[in-house]
Protein chains: 2
Amino acid sequence: MFFSKSCEYALKATMYLAKQGDNKRVGIKVIARDLNLPADYLNKVLQILVKHKLVLSSKGRYGGFYLTKNELNKSLLKIVKAIDGKDIFNRCGMGIENCSGEKPCPLHNDIKAYRDNILFVLSNKSVASTTSQINNGVTFLSKKVQM
Amino acid sequence: MFFSKSCEYALKATMYLAKQGDNKRVGIKVIARDLNLPADYLNKVLQILVKHKLVLSSKGRYGGFYLTKNELNKSLLKIVKAIDGKDIFNRCGMGIENCSGEKPCPLHNDIKAYRDNILFVLSNKSVASTTSQINNGVTFLSKKVQM
DNA sequence: ATTAAAATATGATATTTATCATCTTCATTT
DNA sequence: AAATGAAGATGATAAATATCATATTTTAAT
């Protein structure tokens with residue numbers, strides 16, 4: 001309905017890493033177990049984020065995925081765009097090719113208004129910003145209450 | 001990003017039929033040609049709408065798909081729900097199973113606001129309401145300007 | 001009655017997305 | 001240096017969605 005599954009996984013995983021704090025390396029198996037996600041698939045997704053430098057990784061023993069201050073300050077929008085592509089926020093809601101402000105589809109203005117809004121939210125929320133609410137038990141990343 | 005292709009096709013086709021006016025029967029080939037959509041697939045989609053009584057049809061020579069006042073007054077939301085299912089507006093944006101107001105994911109409130117807005121628009125816009133703007137050249141259903 | 005033109009029903013194929021599995025590369029510990 | 005445990009790369013499979021194709025049923029005109 002909104003993001004692809006890959007994108008959902010990417011968001012969960014980065015928020016999860018953020019929650020673990022600065023520079024804490026976590027292996028894919030642990031992330032997948034805690035978030036209840038298929039490990040190998042999540043791995044692929046994270047590798048895309050690594051390529052986009054939205055997540056860091058180190059190989060070898062005691063390696064894993066992690067974030068530093070730099071990654072923690074990036075917006076959630078960057079995660080979304082890295083996985084679902086740059087123009088999921090531009091594509092016409094009715095699938096009309098050259099739908100635009102000048103030549104809109106019947107839903108263009110309605111959809112655009114609200115989309116711009118969510119775009120704004122995602123571009124203004126940093127990965128780090130989700131952590132405190134999660135730690136306070138205000139929001140959750142999985143069915144299970146705590147990890 | 002929002003609706004499935006099937007749903008996009010359904011919306012286009014009903015708006016197209018609305019534009020043709022009351023009781024005007026149009027065959028699938030003509031609809032598909034005018035909207036630039038794959039005819040056989042569109043056919044399948046329209047048959048779902050027929051089953052939901054959102055579109056009427058008559059078989060045989062001079063048959064086709066059409067709308068009456070009754071169908072014209074139904075909301076766009078009904079089209080969407082018939083094709084993409086009842087709960088595309090409820091499913092958690094991050095894919096968390098029991099995400100809810102009490103136990104929200106980190107994006108719950110933002111996404112909910114967005115979706116509620118779209119839901120409101122769709123439930124308040126009738127199929128017929130899209131016609132005049134299309135006829136006035138304010139909005140469009142396909143690349144081609146007129147049909 | 002026959003025929004033609006339409007929807008309806010159904011199944012096969014293709015494409016996209018998601019998942020599973022395996023092998024390679026690399027860094028760290030011993 | 002060797003062994004281990006992690007990410008990285010790649011390919012195979014499965015599932016969901018979209019598309020293509022065909023045979024059947026129905027209606028209306030002739």
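Chain naming here is simple, since letters A, B, ... match the order of the sequence lines and numbering starts at 1 in each.
- Between D:dG8 and A:Ser57, a contact under 4.0 Å exists linking OP1 or OP2 to a side-chain N or O.
- Nearest nucleotide to the B:Gln47 side chain, out of D:dA6, D:dT25, C:dA9: C:dA9.
- Here the C1' atom of nucleotide D:dT17 and the CD1 atom of B:Ile48 are 12 Å apart, to the nearest Å.
- Ion pairing of A:Asp116 with A:Lys112 is present here, as a side-chain N (NZ or NE/NH1/NH2) and a carboxylate O approach within less than 4.0 Å.
- Closest to the A:Lys59 side chain, of the nucleotides D:dC20, C:dT25, C:dC20, is C:dT25.
- Side-chain proximity of A:Ile28 to the nucleotides D:dA7, C:dA18, C:dT29 is greatest for D:dA7.
- Between B:Asp40 atom CG and C:dG11 atom P the separation is 16 Å, expressed in whole Å.
- Atom NZ of A:Lys53 is separated from atom P of D:dG8 by 13 Å (rounded to the nearest Å).
- Considering only side-chain atoms of B:Tyr41, the nucleotide from C:dT8, D:dA18, D:dA6 that sits closest is D:dA18.
- Of the residues near DNA chain C, B:Gly27 and A:Pro38, the one whose nearest nucleotide (by heavy atom distance) lies more toward the 5' end is B:Gly27.
- The side chain of B:Tyr9 sits closest to D:dT19 out of D:dT19, C:dA18, D:dA7.
- Of the possible donor and acceptor atoms, one in the side chain of B:Asp22 sits under 3.5 Å from a partner among the backbone N and O of B:Lys69.
- When rounded to the nearest whole Å, the span between OH of A:Tyr62 and P of C:dT28 equals 12 Å.
- Straight-line distance from the CG atom of A:Asp84 to the P atom of C:dT16: 16 Å, rounded to whole Å.
- Crowding of A:Lys74 atom NZ: a count of heavy atoms from other residues, nucleotides or ligands under 6.0 Å exceeding 12.
- If you check every strand for non-hydrogen atoms under 4.0 Å, B:Val26 touches sugar and phosphate atoms only.
- Among the nucleotides D:dG8, C:dA7, C:dA9, the one closest to the side chain of B:Lys51 is C:dA9.
- Fit an axis to the five pairs at each end of the helix from C:dA1-D:dT30 to C:dT30-D:dA1 and the two axes sit 0° apart, to the nearest 10 degrees.
- Of the two residues near DNA chain D, B:Cys7 and A:Lys29, the one whose nearest nucleotide lies more 5' is A:Lys29.
- Using a distance-only test at 3.5 Å, with no hydrogens or angles considered, no donor-acceptor pair links the side chain of B:Arg115 to the main chain of B:Ala113.
- For C:dA6, neither phosphate oxygen OP1 nor OP2 lies less than 4.0 angstrom from any side-chain nitrogen or oxygen of B:Ser58.
- For B:Arg61, whose side chain is taken as the heavy atoms from C-beta onward, the closest listed nucleotide among D:dC20, C:dA4, C:dA27 is C:dA4.
- Although no hydrogens or angles enter the test, the distance criterion places no donor-acceptor pair under 3.5 Å between the side chain of B:Asn43 and the main chain of B:Ala39.
- In this structure, A:Leu46 reaches neither bases nor backbone, as no heavy-atom distance under 4.0 Å exists between it and the strands shown.
- OP1 or OP2 of D:dT19 sits under 4.0 Å from a side-chain N or O of B:Lys5.
- Smallest separation of non-hydrogen atoms from B:Thr139 and B:Thr130: OG1-O, 4.5 Å.
- Atoms CG (A:Asn43) and P (C:dA21) sit 14 Å apart, rounded to a whole Å.
- The residues A:Glu8 and B:Arg91 are annotated as salt-bridged, a charged nitrogen and a carboxylate oxygen being separated by less than 4.0 angstrom.
- Remark: C1' of C:dA27 and CZ of A:Arg25 are 11 Å apart, rounded to the nearest angstrom.
- The backbone N or O of B:Thr68 sits less than 3.5 Å from a side-chain atom of B:Glu71, completing a donor-acceptor pair.
- In this structure, A:Lys44 reaches the bases: a heavy-atom distance under 4.0 Å links it to at least one base atom across the strands shown.
- In this structure, B:Leu17 atom CG and C:dA7 atom C1' are separated by 14 Å, rounded to whole Å.
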